[in-house]
Amino acid sequence: LHGAGTIMKITIIIPCHNEERSIRATIESCLAQTRLADEIVIVNDGSTDATAEILTSFGDKISVINIPVATGNKSHAQEHGLKYISGDVFITTDGDTILDKDFVKYIEQDFRNPNITAVAGYVRSIPYNWLTACRAFEYAVGQNLHKLAQHHLQYLFIIPGAAGAFRADKFFKHITFEHDTLTEDLDFTYRLHRQDLKVHYDRRVVVFTQDPTTISAYANQMRRWYGGGWQCLLKHKDLTWKRPKIAFEITLMYLEGILFSVLLFTIPFLSLQFFLYFLGSYMFVAVFFAIFAAIAERRKDLLLIPIPYLLLVVINSYVFLEQMIKVVFLRDKKLHWFKPQRILIK
Amino acid sequence: MFVMTPFSGLSLLVHLGIISLGSIHDRVTRVPPALRYRSRRVNKTQRRLSAVISFLITFVLTLMMIALFTTAITASYEAGKDEWQRQKFGILINEVQAGFTRLF
């Protein structure tokens, strides 16, 4: 355990697979920290593009672990890489993510509290098109309202895979890689709560990440997230019954998701007029939170989001119900990995 | 990262309430920011009380959501009684009934 004044060794671990368009910017952001990480470990998961050459160009500033044949799954690559780290605290991020310059500094400050086992950071979307703007809106609302409330409840639903940090000794003692869900970060978080380990939410710990830029990529990513969400909920259902706070939060989120999605697809068949009222009231809520998101993210373009976001609401609701049927009722256990098209980060 | 389930605003309102109460609590108890997440020691009675309160809130919220859902469905059914969708559905139901009658 590390109190104030003791030296803490911090490792950044980045699994990557064919990330030639973004990995350079990711590593440069790790090397430009105001508090440098003591170790940067990159797990090259069988990349077939120029990723390996880019990694070599950084010389001994980073440690590269090569997996000759791609495992095809981020959690496999992460598990492999963790065998080689020596830090007391390790930060997990992705090959398409840029760390804010004070990321490591704030992580170190947080872990000076010996009660904290893991820290969840704040994710921002790199601006690209209207779809990434919609995602920025979701992040702003999700992280400044839902997650902040979960922080006050002392039950954080998820530590994002792109912006998480863990105390190594406790992680290795309590968490094992099981590779049986599509969302390993959500699975970790459930298991940390199972052990009553403290998860801290720090909005100063910021990363900038790439989000899908096409509708099909967006829908596929939502399939993985919602599918993984249902898989983890089934896997840890006993935890939900045992912990009232978790039951409260899960009921609130999942029941609202189910009822809202069912309403969205049922009402148009019952009454068009009522459906327009329904959409109108939803737009009112969306406009209110768009203003909130625009202020929180300091982005004026988010004020226009309620209109295109309607389309994403339909996709989200459809995918949410589709994955519920597949995972909960049909017991589909597919674990296919999804990798969206990357944009060049400069 | 899994952001959130499709939302209608209800969970956002509940969460806004929790944030407000949490912030007031932190300010009233003057907990310094660095210590706001320290683990609190609670005895068995407090733990049980917390569990009962959480259960009651969850139960009431669940009932509220189901009531809202039922109201919305019923209201839209009533509003659409004379609309073409209902007529279309009516024709469809009649056809199915006629089909069953012919079969059996």
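Below, chain A is the first sequence line, B the second, and so on; all start at residue 1. Just the heavy atoms: all of them, side chains too, but no hydrogens, waters or symmetry mates, feed the values below.
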Check your understanding: Quick one: does Leu12(B)'s side chain get under 4.5 Å of Val141(A)'s, heavy atoms only?
Key -> yes
Check your understanding: Taking everything shown except Tyr277(A) itself, do over 12 heavy atoms lie less than 6.0 Å from its OH?
Key -> no
Practice item. Write down the atom of Ile19(B), the atom of Asn144(A), and the distance for their closest heavy-atom approach. Key: CD1-O, 3.8 Å
Review point. Can you find a heavy atom in the side chain of Ile18(B) that is under 4.5 Å from one in the side chain of Phe248(A)?
Key: yes
**Study point:** Enclosure of Phe284(A) CZ (heavy-atom neighbours >12, cutoff 6.0 Å)
**Key:** no
Practice item. Side chain from CB out, backbone as N, CA, C, O: work out which of these in Thr266(A) comes under 4.5 Å of a heavy atom of chain B, or both, or neither. Key: side chain
Exercise for review: Go through the atoms of Ile73(B) and report whether side chain, backbone, both or neither lie under 4.5 Å from a heavy atom of chain A.
Suggested key: both
Check your understanding: Among Thr209(A), Leu153(A), Leu312(A), Leu263(A), which has the most heavy-atom pairs under 4.5 Å with chain B?
Key -> Leu263(A)
Review point. Does the side chain of Leu252(A) come within less than 4.5 Å of Met65(B)'s, by heavy atoms?
Key: yes
Study note, to complete from the structure: Tightest non-hydrogen contact, residues Ala72(B) and Phe274(A), listed as O-CE2, 3.5 Å
Point to revise | Interface moiety of Gln109(A) toward chain B, non-hydrogen atoms closer than 4.5 Å | key: neither
Practice item. Measure the spacing between NE2 of His152(A) and NE2 of His15(B) and express it to the nearest 0.5 Å. Key: 11.5 Å
